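Worth knowing before you read on, the calculation uses all heavy atoms, side chains too, and leaves out hydrogens, waters and symmetry mates. In what follows, chains carry the letters A, B, and so on, assigned in the order in which the sequence lines appear, proteins first and then strands, with residues in each chain numbered from 1. Keep in mind that this is a model prediction, so the values were computed, not measured.
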There are 2 protein chains.
Amino acid sequence: MSASTSDKHAGESSGLALDTDLGWAIRMVSSAFRRVATESVADLPGGARAYLVLVALASGEPPSQLALAKAVSLDRTVMTYLLDDLEAHNLVTRRPDPRDRRARQVLLTDAGRTRLNQVRENLAAAEAKLLVDLDEHDALQLRTLLARVAQTAQSSSAAPAETDC
Amino acid sequence: MSASTSDKHAGESSGLALDTDLGWAIRMVSSAFRRVATESVADLPGGARAYLVLVALASGEPPSQLALAKAVSLDRTVMTYLLDDLEAHNLVTRRPDPRDRRARQVLLTDAGRTRLNQVRENLAAAEAKLLVDLDEHDALQLRTLLARVAQTAQSSSAAPAETDC
DNA sequence: TATTGTTATACTCTATAACTATA
DNA sequence: TATAGTTATAGAGTATAACAATA
């Protein structure tokens, strides 16, 4: 574990080190991803969050803004101006839901789908840059484990009740 | 999101889905960690970032503020008021570097070391909560892979030159 | 001239409350 | 009363520039 020099304060020996800290690793990976992904989504109004919205819109029936917000784990208040921006650039459209006059259905336009595919290619390259030191197997392993934790995290955050430890 | 019904828009079949998106997973894991870790570091002035500072201080020689900032990948401008806060609570001390009158050495106090160990126990429980759906092997695997990516990310972010593709 | 620490400023992201129109 | 969408505001976190003291 590369505890090269002095450990007079009992640091590394007790597992107390920055490079083995989960919070530090998450912070570093998160900021590194943002760094490499920023230019990939630079021409997308709304940036990385807008990309997630487009991905969520790419399949299935047109969702309401609230359903969309829950799907990508964004607040519905940010969904409003995110969609404002995307709609102003003709990447999505909003139409009234015929079944519920409070709700609006969100649809991906053809231009939006095209743009999504462009951004997606850029992002694939950026992700490869982030995981450059991992071989194919390890990269897939990391993606899979992250996805699993992400999904359980989404489920548990969506369920605010039932806290019987 | 249970891709049970229609895939008429060729979403999942081309790998274009939210639950397999690396950026989404990183975002979710990052926010989930922040959620579970927040109360663990609630009584620490400066929160999660202050914890990283204390960890970095727990071993080795007392670093300068700049060296400390580089070690935890924080800006030196935030290090200033982070240390202001920690010092005001007697968790760290600053003293002039006898070898360089511009620099100040940062030291962990006994109270700081005690507090660090308390927070560390809380964080261990919070991390377990985050990784609850992973068995011991998978959890270690994820920690290891994240740490590897984090370290290469730190190295590459610290070296802004040498961009010969 | 370059570096250490500090201060100030701005921008992004996030969180919350309040309002409307519908149900 | 509750829900969908909107608007406004406040707070973290981050990034940058400028400054004083020292090298």
Side-chain angles (χ1 to χ4, degrees), chain A residues 23-24 26-28 30-35 37-38 41-42 44-53 62-88 92-106 157 160, chain B residues 23-24 26-28 30-35 37-39 41-42 44-53 62-88 92-106 157-158 160:
Chain A
W24 180 79
I26 291 175
R27 164 184 289 267
M28 292 304 299
S30 186
S31 71
F33 177 80
R34 179 161 39 84
R35 196 162 49 238
T38 288
V41 298
L44 197 63
R49 295 186 293 181
Y51 169 76
L52 296 180
V53 170
S64 70
Q65 296 187 191
L66 189 59
L68 191 55
K70 285 177 180 168
V72 299
S73 288
L74 287 175
D75 196 90
R76 70 186 203 273
T77 64
V78 337
M79 190 57 64
T80 295
Y81 55 79
L82 221 49
L83 292 177
D84 284 349
D85 223 357
L86 287 171
E87 192 173 36
V92 305
T93 53
R94 286 189 271 206
R95 70 180 182 200
D97 185 332
R99 295 165 164 274
D100 186 342
R101 275 162 44 198
R102 295 172 301 179
R104 312 173 73 177
Q105 293 178 332
V106 185
S157 80
Chain B
W24 180 78
I26 291 176
R27 165 184 290 267
M28 292 305 297
S30 186
S31 72
F33 178 80
R34 178 161 40 85
R35 196 162 49 239
T38 288
E39 68 177 312
V41 298
L44 197 62
R49 294 185 294 181
Y51 170 76
L52 296 180
V53 170
S64 70
Q65 296 188 192
L66 189 59
L68 191 55
K70 285 177 180 169
V72 300
S73 288
L74 288 174
D75 196 273
R76 71 185 202 272
T77 64
V78 337
M79 190 57 64
T80 295
Y81 57 78
L82 221 50
L83 291 176
D84 283 349
D85 222 358
L86 288 171
E87 192 173 35
V92 305
T93 52
R94 284 190 272 206
R95 70 181 182 197
D97 186 333
R99 295 167 165 273
D100 186 341
R101 275 160 46 197
R102 294 172 302 179
R104 310 173 74 176
Q105 293 179 332
V106 185
S157 80

So do the side chains of A:I26 and B:R34 get within less than 4.5 Å of each other, counting heavy atoms only? no
For A:V53, run the side chain to side chain contact (heavy atoms under 4.5 Å, CB included) check against A:V106, A:L68, A:V78 and tell me which one passes.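 That would be A:L68; it is the only one of A:V106, A:L68, A:V78 passing the side chain to side chain contact (heavy atoms under 4.5 Å, CB included) with A:V53.
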B:S73: what forms a side chain to side chain donor-acceptor pair (under 3.5 Å) with it, not counting sequence neighbours? B:Q154
What closest approach, in Å, do [X] and [Y] show between heavy atoms, and which atom pair accounts for it?
X: A:R95; Y: A:P62; answer: NH2-CG, 3.9 Å
X: A:P63; Y: A:A67; answer: CB-CB, 4.1 Å
X: A:A50; Y: A:L86; answer: CB-CD2, 4.0 Å
X: B:A69; Y: B:M79; answer: CA-CE, 3.6 Å
X: B:V72; Y: B:L52; answer: CG1-O, 3.6 Å

Which part of the nucleic acid, if any, lies within contact of B:R94, taking any heavy atom under 4.0 Å across all strands shown: a base, the sugar-phosphate backbone alone, or nothing? sugar-phosphate
Base, sugar-phosphate or nothing for A:T80? Non-hydrogen atoms, less than 4.0 Å. base
Rounded to whole Å, how long is the line connecting atom CG of A:L82 with atom P of D:dT6?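 It is 12 Å, rounded to the nearest whole Å.
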Can you find a donor-acceptor N/O pair under 3.5 angstrom joining the side chain of A:R76 to the base of D:dG5? yes
Contacts under 3.5 angstrom, residues 96-104 of chain A side chains, donor-acceptor by atom type, not counting sequence neighbours:
residue : atom : partner : partner atom : Å
A:D97   : OD1  : A:R99   : N            : 2.8
A:D100  : OD1  : A:R102  : N            : 3.0
A:D100  : OD1  : A:R102  : NE           : 3.2
A:D100  : OD2  : A:R102  : NH2          : 3.0

What salt bridge (charged side-chain N to carboxylate O under 4.0 Å, His left out) pairs are there with at least one residue in residues 63-85 of chain B, not counting sequence neighbours? B:D84-B:R94
Using nucleotides 21-23 of chain D, report all nitrogen or oxygen pairs with the protein that are shorter than 3.5 Å.
residue : atom : partner : partner atom : Å
D:dA23  : OP1  : B:R101  : N            : 3.0

Give me the first and last nucleotide of DNA chain C, going 5' to 3', that has any atom under 4.0 Å from a heavy atom of chain A. C:dC13 to C:dA23
All N/O pairs under 3.5 Å across the protein-nucleotides 8-15 of chain D interface:
residue : atom : partner : partner atom : Å
D:dG13  : OP2  : B:R49   : NH2          : 3.4
D:dT14  : OP1  : A:R27   : NH1          : 3.0
D:dT14  : OP2  : B:R49   : NH1          : 2.9

